[in-house]
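Note sheet for the following structure.
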There are 2 protein chains.
Amino acid sequence: MTEHSHDAEETGREPAEKLPPRRRMANELRDDINNEVYRPGELLPSQRVLADRYGVARNTAGEAIKILESEGLIDSRDRARPRVRERRRLLRLGAERYSNRLREETGKSPFRSEVEKQGKTPRVDCPSIEKIRPPGYVAERLGISADEAFVVRRENWYFADEEPVQIGITYIPWEIAEGTVLATSANMGKGSLYGRFEDQGHRITSIREEISSRMPTPEETEGLKVPAGVPVIDVVHTGIDQDEQPFEVTHFTMRADINGLDYRIRIED
Amino acid sequence: MTEHSHDAEETGREPAEKLPPRRRMANELRDDINNEVYRPGELLPSQRVLADRYGVARNTAGEAIKILESEGLIDSRDRARPRVRERRRLLRLGAERYSNRLREETGKSPFRSEVEKQGKTPRVDCPSIEKIRPPGYVAERLGISADEAFVVRRENWYFADEEPVQIGITYIPWEIAEGTVLATSANMGKGSLYGRFEDQGHRITSIREEISSRMPTPEETEGLKVPAGVPVIDVVHTGIDQDEQPFEVTHFTMRADINGLDYRIRIED
DNA sequence: TGGTATAACTGGCTTAAGCCAGATCTGGCT
DNA sequence: AGCCAGATCTGGCTTAAGCCAGTTATACCA
């Protein structure tokens with residue numbers, strides 16, 4: 001540790017004495033990072049140097065670094081020197097992204113405006129549109145049968161400055177999508193997705209968003225380029241129309257180091 | 001990650017040939033877990049046995065297991081045999097937990113009812129109430145000065161069947177809390193926290209919830225008993241009264257393997 | 001039967017030596 | 001100035017041997 005060693009500890013941590021070396025070293029490094037001895041964005045000394053400095057084997061130094069990496073404090077891009085991770089500004093996505101008024105005024109998707117707000121260039125890619133049987137949880141939310149009904153599955157990838165930030169998979173009952181661009185075209189035209197739903201007589205009136213978080217699968221790690229020690233946020237979104245009928249489910253998977261959610265909700269009674 | 005064409009592989013993963021042994025082994029184990037060769041809750045064979053079976057050193061087998069652990073697939077309690085993690089039912093907390101009507105009808109906190117819905121016993125602990133200067137982000141949201149104003153800081157720990165599930169730290173402007181139980185007592189009486197705010201003339205009218213996710217700090221790992229490979233969800237909640245004034249900020253930190261969020265939101269135009 | 005001491009086993013963790021591929025630097029050349 | 005080849009450095013990853021502390025099973029005893 002640095003200046004603040006001694007008996008009276010401010011963090012409620014175990015006695016440093018009997019900690020295994022890699023943990024002791026991880027703790028000291030962590031403190032140094034938090035106290036900005038190593039500043040965000042800065043390179044850490046090499047494993048060999050650190051190993052020397054802390055009196056452990058190189059392997060052990062590597063283990064200590066791995067611990068901090070898994071805590072999301074350090075970024076190790078393949079074989080390059082590890083860097084102290086910088087806290088990034090989050091894209092804050094909220095419920096107002098579904099506002100009918102906003103959509104009609106700007107004609108722009110809320111993802112785009114949020115990204116542009118950070119001076120970055122948004123891009124949305126729609127690599128696949130298929131007609132399939134819905135996954136169970138989707139059928140459930142749409143109130144249809146997973147065995148008998150069909151849905152259109154639209155896969156969307158969202159980028160900011162060509163960096164992948166989230167995936168959204170939208171499921172639309174076949175009855176609604178049939179014969180429209182919803183079932184065929186990546187380009188949704190003015191008013192985007194919800195504009196087309198409105199054409200079909202489904203005006204978004206309320207939504208349900210179920211949020212959870214977990215570590216990414218290897219596929220997600222690769223596809224979204226999720227750094228080590230960073231979770232993903234799952235949002236299962238259900239769009240509900242003026243007749244209280246669900247007409248669309250979208251499953252978002254977002255990198256948690258880039259995305260956050262921001263809801264402003266009126267408490268009815 | 002989908003259009004996995006080609007011959008035999010079902011996952012779009014790298015060619016198995018040139019993968020480092022630990023990764024190859026991790027991939028095989030992961031597939032076996034996903035295909036329920038090893039079932040949720042089941043014990044994995046010991047590292048020594050697995051090492052033999054996959055033709056690697058014991059250390060390497062341990063590394064492979066660590067990979068799956070960091071993905072949240074496996075649970076290793078200290079020196080006991082690793083177990084395939086069971087997906088747990090989530091406590092689903094939503095905005096209706098602030099419903100004034102609900103509160104008045106049941107007089108029961110929404111955390112309690114949600115936990116009881118799962119047949120478990122809820123407990124809320126309030127280990128500390130202090131008068132302090134607010135952290136920057138809290139002052140900002142309360143519209144007060146971080147240097148001049150004071151707040152009451154109430155720390156709450158939430159348990160289900162004596163298992164810690166989340167922490168909530170509530171900040172209340174001193175002007176509001178002064179001279180009330182808000183500033184002094186762990187026990188909030190009928191209608192709980194928001195009942196007392198109403199006594200002070202602040203009826204909750206809307207809320208803002210800012211959600212993000214990250215890996216837990218070592219303190220959180222220990223305090224919340226967060227298993228390896230499990231993130232936490234941060235919710236910064238701001239309560240806003242009938243005059244559009246923020247009157248309370250609560251910062252929740254929840255284990256992501258137990259907690260989820262569930263919002264039903266009316267889209268106002 | 002119930003409890004407990006003990007033995008066998010398990011994962012945690014370290015060291016040391018070493019190979020490799022990618023990153024980065026350096027100095028020389030055009 | 002710009003480029004580039006090669007040398008050097010770095011982390012990734014493996015093996016092997018080994019100690020330790022906690023877990024678990026066994027066998028024995030009251």
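Excluded from the calculations below are hydrogen atoms, water molecules and symmetry mates; all remaining heavy atoms, backbone and side chain alike, are included. Just so it is clear: chains get the letters A, B, ... in the order the sequence lines come, proteins before strands, and each one is counted from 1.
- B/K117 has its side chain out of reach of B/V115: every pair of non-hydrogen atoms, C-beta onward, lies at least 4.5 Å apart.
- Atom CZ in A/R23 sits about 13 Å away from atom C1' in C/dG11, given to the nearest Å.
- A/E69 has its CD atom 11 Å from the C1' atom of D/dG12, to the nearest Å.
- A straight line from CG of A/N59 to P of D/dT15 spans 13 Å, rounded to a whole angstrom.
- Contact check for B/L29 versus B/Y38: side-chain heavy atoms found under the 4.5 Å cut-off.
- Within the 4.0 angstrom heavy-atom criterion, only backbone atoms of the sugar-phosphate kind lie near A/R22; the bases stay farther away.
- The side chain of A/R81 approaches D/dT10 more closely than any other nucleotide in the set C/dT15, D/dT10, D/dC13.
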- Task: Walk me through it: do B/E210 and A/Y263 pass the test side chain to side chain donor-acceptor pair (under 3.5 Å)?
- Result: CA-CA 6 Å; B/E210 296 159 273; A/Y263 296 103; over 6 Å; no

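- Look at CD1 on A/I74: it is 16 Å from C1' on D/dG12, rounded to the nearest Å.
- The nearest whole Å value for the distance from the CG atom in A/L68 to the P atom in D/dG11 is 14 Å.
- At whole-Å resolution of the value, CG in B/D52 and P in C/dG11 are 13 Å apart.
- Counting only heavy atoms from C-beta on, B/T60 has its side chain closest to D/dT15 among C/dC13, D/dG11, D/dT15.
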* Working for side-chain contact (heavy atoms from CB on, under 4.5 Å), residues A/R81 and A/L44 -> CA-CA 7 Å; A/R81 292 270 290 290; A/L44 243 42; 5.9 Å; no

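- Within the 4.0 angstrom heavy-atom criterion, base atoms lie near B/R58.
- Counting only distance, with no hydrogens or angles, the side chain of A/R22 and the backbone of A/V56 share no donor-acceptor pair below 3.5 Å.
- Listed in residue order, the members of residues 41-51 of chain A having a heavy atom less than 4.0 Å from DNA chain C come to none.
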Return the polar atom pairs (N/O with N/O) between nucleotides 4-6 of chain C and the protein under 3.5 Å, or none.
none

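- Look at C/dT15: its Watson-Crick or wobble partner, with both distances under 3.5 angstrom, is D/dA16.
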Can you list the steps and then say if A/E28 with A/R24 is a salt bridge (charged side-chain N to carboxylate O under 4.0 Å, His left out)?
-> CA-CA 6 Å; A/E28 298 185 18; A/R24 187 185 53 80; 2.8 Å; yes

(Q) Applying side chain to side chain donor-acceptor pair (under 3.5 Å) to A/Y171 and A/H251, what does each step give before you reach the verdict? (A) CA-CA 8 Å; A/Y171 302 91; A/H251 186 150; 5.9 Å; no

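- Nucleotide C/dC13 holds its P atom 14 Å from the CZ atom of A/R24, rounded to whole Å.
- Between B/E63 atom CD and C/dG12 atom C1' there is a gap of 11 Å when expressed in whole angstrom units.
- Distance check, rounded to the nearest 0.5 Å: CD of B/E220 to CG of B/D234 gives 7.0 Å.
- Counting only heavy atoms from C-beta outward, the side chains of A/R214 and A/P231 never approach each other to under 4.5 Å.
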